Amino acid sequence: MSANRDEAQALIDLFKPLFLDSSKTLIGQNIKYDLQVLKNYGVEIKNKLWDTMVAHFLFMPEMRHNMNVLAETYLDYSPISIEELIGKKGKDQLSMRDVPLDVIKDYAAEDADITLKLKQAFVAKIQESGTEKLFHEVELPLIEALAGMEREGINVDVQGLNEFSAQLQEDITKVDAEIQALAGTKFNISSPKQVGEILFDYLKIIEKPKKTKTGQYATGEDILSKLEGKHPIVAKILDYRELVKLKSTYVDTLPLLVNEKTHRIHTTFNQVVAVTGRLSSDNPNLQNIPIRTERGRQIRKAFIPRNEDYILLSADYSQIELRIVASISGDPNMCEAFNLGKDIHTATAAKVYGIEESEVTKEMRYKAKSVNFGIIYGQGAFGLADNLNIPRAEAKQLIDNYFAQYGSIKTYMDNEINFAKEHGYVQTLMGRRRWLKDINSNNATVRSYAERNAINAPIQGSAADMIKVAMINIHNELKGMNIKSRMILQVHDELVFDVYKPELDLIKPIIEKHMKEALPLNVPVEVGMGVGVNWLEAH
DNA sequence: ATAAGCACGC
DNA sequence: GACGTACGTGCTTATA
C-alpha cells in the first residue's frame with residue numbers, strides 16, 4: 001500500500017513543532033530540496049541550517065558531493081542506494097511515496113544517521129580549510145534565498161514563443177533548401193561530421209582543414225566564420241546552426257517547462273557545481289538565455305513580469321571581474337581608470353597604443369577589450385591572435401604593451417601562481433579555496449591549465465562571493481519589509497527582480513546599496529539598473 | 001547509455 | 001612540434 005498526500009501531511013504535522021523551533025539546527029544533505037518539499041506541505045522551517053553537501057563543496061569543491069560518495073569516502077560505509085528502492089532513473093522509476101513504509105524506514109533512518117555522522121566529520125574540515133565564515137555567513141544563508149527564487153519562478157509569454165517557433169521553422173526549411181542547393185547534394189546539416197565532409201571532402205573549399213582531437217573535421221563557429229569568404233554555403237550553415245539552436249534549446253523547450261499550477265518556469269540553482277563558487281542553473285538553464293543576436297533577443301523578450309501590476313528590474317555589476325583584478329593587484333593605472341569612472345576598454349586601448357583616449361578607434365577598443373578578457377582567463381598570445389584573427393606577433397606586442405602599462409597585474413598573476421605552487425590552492429577575497437593539484441606537474445600542458453586556473457579562480461570566485469553576499473542581504477531586507485516584489489534570477493553578475501510597480505522606487509536604492517556594498521574593493525563598484533515589460537527591455 | 005561536437009550565457 | 005581562454009547546461013548525432 002502506498003501513502004497518500006493526507007497521510008504524508010499528517011506525518012509532517014507531527015514533526016512541525018521541531019521545524020519551527022529556531023533554537024534547533026536542521027542538518028541535511030542538500031537542504032534546499034527539503035525546504036521546498038516541506039514548504040509544499042505548508043511548513044516554513046525556522047531552524048538554523050547545516051548542509052553537509054554545501055560544507056563538502058567548500059573544502060573539496062572539485063569532488064562529487066552526493067551522499068553515497070561522501071559516506072564511502074569519509075565514513076567508509078556504503079549506504080542503501082536509492083536505486084534499490086525506486087529503481088533506475090527512467091520511465092519505470094517509482095516515487096518515494098510508492099515504497100512501503102517498512103521498506104522505506106531502514107533507508108530513511110540510515111540516511112539521517114549518515115548525514116549526522118558526516119556533519120560531525122565535516123565541522124573540523126571546514127575549520128581546517130578556513131571556510132567557516134564563508135560557510136556560515138554566505139553559503140548557508142544563501143540556501144534560503146535560492147529556495148525563494150526557485151519557488152517564485154518567472155513568467156514567460158508562451159504564445160509569443162509558439163509564434164516564434166513557427167517562424168523559425170519556416171526559416172529553417174528555407175535555409176535547409178538553400179544549403180542543399182548550394183551543396184548540390186542532400187545531407188544532414190545538424191551533423192557536424194556530414195557538414196565537415198561536404199565542406200572539405202566534397203566541395204573542398206580550402207586546402208588544409210582543421211581537425212578535432214578525434215580526427216573529424218572541425219566545423220565550429222570560430223572556424224567557419226573565418227571561412228565565410230570561401231563559399232556562400234558557409235554563412236548559410238552558420239545561419240542554420242543559429243536557427244536550430246534557438247528553436248530546439250529555447251523556443252520549443254521553455255513552454256514545456258511551465259509549471260501547471262504556478263504557470264511559471266522554475267529553474268534549480270545549483271550551489272555545489274561550479275568549482276569557482278559560481279552558481280549554475282538547470283532544468284531549464286536560465287543563465288544562458290540568448291542576447292547576442294537579434295533572433296536570440298526575441299527569446300529574452302518572452303520573459304515577462306507575473307502580471308500587469310509588475311515590472312522586471314535588472315541590476316548588473318559593471319566590469320566586476322576587472323574591478324576585482326584592479327583591487328586585488330592594486331595596479332595604479334587600472335585603479336585610476338576605475339576611480340575616474342572611465343570606460344575601461346577605451347582607457348586600456350589608450351595605454352596600450354600610447355595615445356589619447358580621444359584618438360582610440362573602435363578597432364583599438366575592440367582589441368583592448370579582448371586583451372582585458374584574455375587577462376582574466378590567463379590567455380596567451382596564441383589565443384589572442386586566434387580570437388582577434390591577427391598575426392601572432394601583433395598579439396604578442398599587444399600583451400607586452402599591456403603588461404608594460406599594467407605592471408602590477410603581471411605581478412598579481414605571478415603571485416597567484418607562486419602561491420598555488422607553495423600551498424596547493426588559491427583563494428578568493430572571502431577565503432573560498434580551489435585546489436590545484438597539477439600546479440607543479442612536469443607536463444607543460446597540464447601545468448599551464450592549472451596556472452590559468454590559479455589566475456582565474458580568485459577573480460571569478462571573488463565576484464561570486466560578492467554577488468552572493470548581495471543576494472543574502474537583499475533577500476533578507478525585502479523579506480523584512482513584507483512587500484510583494486521578489487528577486488527571481490541570478491546570472492553571475494546580474495540580479496533580476498519581479499517588481500510590484502508601486503514598490504519600484506522603494507526597492508531600487510536598496511538593491512543598488514546591497515550590491516555596491518557587498519564586499520569592499522579599492523575601486524568604485526558600479527551597478528547598472530533598468531526596468532521593462534520584459535527581460536530584454538530591462539537589461 | 002555515453003561521447004563528441006556544437007552553441008548559448010557570463 | 002604540440003599546446004595554447006575561465007565557468008557552466010543542453011541540444012543532436014553517432015556509436016556501443
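Note that the structure is predicted; figures quoted are calculated from it, not measured.
Each of dC7(C), dG9(B), dG8(C) was ranked by its minimum atom distance to the side chain of S280(A); first place goes to dG8(C).
Atom CD in E242(A) sits 4.5 Å away from atom CZ in R295(A) (nearest 0.5 Å). A distance of 10.0 Å separates CE of M471(A) from CE of M515(A), quoted to the nearest 0.5 Å.
One interatomic measurement links the two molecules: OH of Y377(A) to C1' of dC10(B), which rounds to 6 Å at whole-angstrom precision. Whole-Å rounding puts the N270(A) CG to dT9(C) P distance at 6 Å. Atoms CG (D239(A)) and P (dA7(B)) sit 12 Å apart, rounded to a whole Å.
Listed pair R452(A) / dG4(C) fails the phosphate criterion, with no side-chain N or O lying under 4.0 Å from OP1 or OP2.
Contact check on E62(A) versus R433(A) returns no salt bridge, with no Lys/Arg side-chain nitrogen under 4.0 Å from an Asp/Glu carboxylate oxygen.
If you check every strand for non-hydrogen atoms under 4.0 Å, Q460(A) touches a base. As judged by a 4.0 angstrom heavy-atom cut-off over every strand, Q216(A) is placed among residues touching the sugar-phosphate backbone only. Residue I459(A) is out of contact with every strand shown, counting any heavy-atom pair closer than 4.0 Å. Using a 4.0 Å heavy-atom cutoff across all strands shown, I376(A) reaches no nucleic acid atom at all. Counting any heavy atom pair closer than 4.0 Å across all strands shown, R392(A) reaches a base atom.
DNA chain B is contacted by no residue of residues 525-539 of chain A, taking any non-hydrogen atom closer than 4.0 Å. For the segment residues 240-260 of chain A, the set of residues with a heavy atom within less than 4.0 Å of an atom of DNA chain B comprises R241(A), E242(A), K245(A), Y250(A), in numerical order. Of all the residues in residues 190-209 of chain A, P192(A) reach under 4.0 Å from DNA chain B with at least one non-hydrogen atom.
dA3(B) and dA6(C) are spaced 23 Å apart, taking the C1' atom of each and rounding to whole Å. dA4(B) and dC3(C) have their P atoms separated by 16 Å, given to the nearest Å.
Relative ring orientation between Y425(A) and H423(A) is described as tilted, the plane-to-plane angle lying within the 30° to 60° band.
Across all strands shown, the partner of dC7(C) is dG9(B), judged by Watson-Crick or G-U wobble contacts whose two distances both fall under 3.5 Å.
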